[in-house]
Amino acid sequence: MTKGTTSFGERHNKSHTTCRRCGKVSYHIQKKTCSSCGYPASKIRNPTNIKTRGRRTIGTGRMRYMKTMSRRFKNGFREGTQAKKQKS
């Protein structure tokens, strides 16, 4: 028996299924834990590897709130005011 393509045809037992918290196919059926987020633990799994942590940290999503933060901070978080007209 070879260890390449022909062996892959015999793999038909699923060890992991979809996790209800993170949505990845990382929920181990026998262990009943998610290898990605750590479900059913109350705290989300925090990887120690720097590379892995960078894939799920701030700045990897849309940042709907955070992307305007630097501009608002620069202006002192002012709201509800009109810009003064510049004299030519």
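Hydrogens, waters and symmetry mates are skipped; everything else that's a heavy atom, side chains included, is used.
By the 4.5 Å heavy-atom criterion applied to side chains, Lys24 and Cys19 are not counted as neighbours. Within the 4.5 Å cutoff, the side chain of Arg72 has no heavy atoms near those of the Arg78 side chain. Counting heavy atoms from C-beta on, the side chains of Phe8 and Lys3 never come closer than 4.5 Å. In this structure, Ser35 and His16 have side chains that are in contact, with non-hydrogen atoms separated by less than 4.5 Å.
Residues Ile58 and Ile44 do not share a hydrophobic cluster, defined by chaining ILVMFWY side chains whose heavy atoms lie under 4.5 Å apart. Taken together through direct or relayed side-chain contacts under 4.5 Å among Ile, Leu, Val, Met, Phe, Trp and Tyr, Val25 and Ile29 form parts of separate hydrophobic clusters.
In terms of heavy-atom proximity, Lys32 sits nearest to Pro40 at O-CD, 3.3 Å. The shortest non-hydrogen separation linking Gly54 to Thr60 is O-CG2, 3.3 Å.
Applying the 6.0 Å contact sphere to NZ of Lys43 captures no more than 12 heavy atoms from other residues, nucleotides or ligands. Under a cut-off of 6.0 angstrom, the local environment of CE in Met66 is sparse, with at most 12 non-hydrogen atoms contributed by other residues, nucleotides or ligands. The 12-atom threshold is exceeded at CZ of Phe77, counting heavy atoms of other residues, nucleotides or ligands nearer than 6.0 Å.
A distance-only check finds a donor-acceptor pair linking the side chain of Arg45 to the backbone of Ser36 [under 3.5 Å]. Arg53 places no side-chain N or O within 3.5 Å of a backbone atom of Asn46 that could act as its donor or acceptor partner. In this structure, Ser26 contributes its side chain and Cys34 its backbone to no donor-acceptor pair below 3.5 Å. Put simply, the side chain of Asn49 gets close to the backbone of Lys51: a donor and an acceptor are under 3.5 Å apart.
For the atom pair CZ of Phe73 and OG1 of Thr68, the computed distance is 13.5 Å after rounding to the nearest 0.5 Å.
Ring planes of Tyr39 and Tyr27: tilted class, angle from 30 to 60°.
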